[in-house]
Novice: 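I'd like to ask you about the structure that follows.
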Protein chains: 2
Amino acid sequence: MLDAADAACAAHGARLTPLRRQVLGLVLESPQPIGAYALLDRLKESRSGAAPPTVYRALDFLLEHGFVHKVERLNAFVGCRSATEGHDHHDHAHTVQFLICGRCGHVQELEDASVRAALAKAAAHAGFTPGRMTVEVEGTCRDCARG
Amino acid sequence: MLDAADAACAAHGARLTPLRRQVLGLVLESPQPIGAYALLDRLKESRSGAAPPTVYRALDFLLEHGFVHKVERLNAFVGCRSATEGHDHHDHAHTVQFLICGRCGHVQELEDASVRAALAKAAAHAGFTPGRMTVEVEGTCRDCARG
DNA sequence: CGCCATCGGTTATAAAGTAACAGGTTCCAG
DNA sequence: CTGGAACCTGTTACTTTATAACCGATGGCG
């Protein structure tokens with residue numbers, strides 16, 4: 001997955017530096033959304049000098065290039081699962097949806113075209129030119145509903 | 001508008017105390033989303049003892065009853081425009097959408113049924129039982145696009 | 001080489017949100 | 001009309017999240 005990020009950066013003239021690559025790795029290896037300061041703690045294990053700006057600057061880059069997303073309701077970050085799957089990423093990066101389970105904390109990433117379309121239409125109807133979209137649904141996941 | 005909130009609370013056995021009413025008033029009179037600490041500053045003008053918990057507790061109540069919404073991307077709060085317009089509010093309070101203009105900062109509240117439906121369908125398809133939804137679109141409003 | 005732009009280290013501070021306890025009110029049961 | 005339970009608010013202290021500002025290092029490029 002990191003290799004795909006390398007390739008994507010090379011293709012766009014963006015620099016996936018060791019720090020950024022490491023932060024992306026940490027986000028991706030987390031099974032759940034991870035906060036900036038949790039990330040910082042992990043980062044400190046190998047970089048003693050790491051401080052909040054270290055993490056936030058890396059995250060800014062990764063967000064900007066769509067390698068990670070921020071889950072606003074959790075103030076936490078997830079690796080973008082679709083970014084590394086070869087989509088034409090620049091059309092879709094800003095239209096991702098999250099299903100957040102309130103019980104187990106699991107977060108699932110969706111990329112539903114009809115949601116995107118409905119939202120685009122509603123925005124257009126209001127004379128609004130849409131950019132980045134934040135769509136987050138809190139609820140109960142399949143596993144927790146069964147259990 | 002505050003009167004409608006009085007009525008809604010009376011109907012549900014909720015207590016719109018002077019403090020909560022005042023906070024709701026402050027949120028409603030703000031033309032733009034207002035942060036908790038800005039709210040606190042205003043509150044201090046008449047309540048010298050106001051502190052962060054004062055505001056946050058009132059906001060919790062108002063959020064829970066759908067009189068205000070939180071705009072997650074801004075960490076700010078807006079009065080719910082539809083809450084006071086006599087809708088069956090408990091079905092819709094959790095399915096509101098915001099259009100956030102990146103230039104002028106204006107925030108428009110939408111309540112688009114097709115967005116809600118698309119999202120519900122996508123969630124169901126993933127075996128997910130939806131609860132509160134956060135839908136926020138950043139972009140450019142009509143006025144700013146013209147100017 | 002010398003310049004510019006970008007990156008990251010470092011310190012400090014701002015902004016947002018919560019915990020925990022204490023005093024006061026409301027309101028209902030007895 | 002007491003007395004206790006639940007709820008509301010004041011108050012202090014603190015945690016978590018995020019950013020500002022400055023500086024040296026690095027790397028591309030004429």
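Proteins get letters first, then strands, A, B, ... in listed order; numbering begins at 1 in each. Only a predicted model underlies this, so the values are computations on that prediction, with no experimental measurement involved.
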Novice: Whole angstrom is fine here: how far is it from CZ in Arg57(B) over to P in dT18(C)?
Specialist: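 Arg57(B) atom CZ is separated from dT18(C) atom P by 12 Å.
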Novice: Starting at the 5' end of DNA chain D and moving along, which residue's nearest nucleotide shows up first, Pro53(A) or Gly35(A)?
Specialist: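 Residue closer to the 5' terminus by nearest nucleotide: Gly35(A).
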Novice: Quick one, Asp6(A) with Arg15(A), criterion salt bridge (charged side-chain N to carboxylate O under 4.0 Å, His left out). Give me CA distance, side-chain angles, the key distance, then yes/no.
Specialist: CA-CA 8 Å; Asp6(A) 285 326; Arg15(A) 297 175 56 193; over 6 Å; no
Novice: Atom CG of Leu63(B) to atom C1' of dG17(C): distance rounded to whole Å?
Specialist: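 Whole-Å distance recorded here is 13 Å.
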Novice: How many whole angstroms separate atom CD1 of Ile34(A) from atom C1' of dT17(D)?
Specialist: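 In whole Å, dT17(D) C1' and Ile34(A) CD1 are 14 Å from each other.
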Novice: So, Asp60(A) and Arg57(A), do they make that salt bridge, N to O below 4.0 Å?
Specialist: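 Salt bridge: no.
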Novice: Send over the distance from Phe61(B) CZ to dC7(D) P, rounded to a whole Å.
Specialist: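 For the pair Phe61(B) CZ and dC7(D) P, the rounded distance is 12 Å.
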Novice: Report yes if at least one side-chain N or O of Asn75(A) is closer than 4.0 Å to OP1 or OP2 of dT16(D); otherwise report no.
Specialist: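 Negative; the distance criterion is not met.
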Novice: Take atom CG of Leu40(A) and atom P of dA18(D), then tell me their distance rounded to the nearest Å.
Specialist: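 The distance from CG of Leu40(A) to P of dA18(D) comes to 12 Å, rounded to the nearest Å.
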Novice: Whether Lys44(B) contacts dG10(D) is assessed here as follows: a side-chain N or O lying under 4.0 Å from the phosphate OP1 or OP2. Is that the case?
Specialist: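 Lys44(B) to dG10(D) OP1/OP2: no side-chain N or O under 4.0 Å.
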Novice: Out of dG9(C), dG17(C), dT19(D), which has the shortest distance to the side chain of Pro52(A)?
Specialist: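 Within the option list, the nearest is dT19(D).
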Novice: Measure CD/Glu72(B) against P/dA18(D) and give the value in whole Å, please.
Specialist: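 Spelled out: CD on Glu72(B) to P on dA18(D) is 12 Å.
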Novice: Quantified as the angle between the terminal helix axes (five pairs each), what is the overall bend of the helix from dC1(C)-dG30(D) to dG30(C)-dC1(D) to 10 degrees?
Specialist: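 End-to-end axis angle for the helix from dC1(C)-dG30(D) to dG30(C)-dC1(D): 20°, rounded to 10°.
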Novice: Taking atom P of dG8(C) as reference, at what distance in whole Å does atom CG of Leu62(A) sit?
Specialist: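 Taking atom P of dG8(C) as the reference, CG of Leu62(A) is at 10 Å.
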Novice: Closer than 4.0 Å, any side-chain N/O of Arg47(B) to the OP1 or OP2 of dG10(D)?
Specialist: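 Checking dG10(D) against Arg47(B), a side-chain N or O does come within under 4.0 Å of OP1 or OP2.
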Novice: Strictly under 3.5 Å: I want the nitrogen or oxygen pairs between protein and nucleotides 3-5 of chain C, one per line.
Specialist:
none

Novice: Does Arg142(B) use its side chain to pair, donor to acceptor, with the backbone of Ala126(A) at less than 3.5 Å?
Specialist: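 Such a contact is found between Arg142(B) side chain and Ala126(A) backbone.
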Novice: So if I take residues 13-24 of chain B and measure heavy-atom distances to DNA chain C, which residues fall below 4.0 Å?
Specialist: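 The stretch gives Arg15(B) as the residues lying under 4.0 Å from the strand, ordered by number.
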Novice: dC8(D) C1' sits how many Å from Asp60(B) CG, rounded?
Specialist: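 Result: 13 Å.
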Novice: Please state whether the base of dA14(C) and the side chain of Tyr37(B) form at least one donor-acceptor pair under 3.5 Å?
Specialist: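 No.
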Novice: With side chain to side chain donor-acceptor pair (under 3.5 Å) as the test, pick out the partner of Thr134(A) among Glu138(B), Glu136(B), Arg73(B).
Specialist: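 Answer to the side chain to side chain donor-acceptor pair (under 3.5 Å) test with Thr134(A) among Glu138(B), Glu136(B), Arg73(B): Arg73(B).
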Novice: Okay, side chain of Gln108(A), backbone of Cys141(A): is any donor-acceptor separation there less than 3.5 Å?
Specialist: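 No, Gln108(A) side chain to Cys141(A) backbone: no donor-acceptor pair under 3.5 Å.
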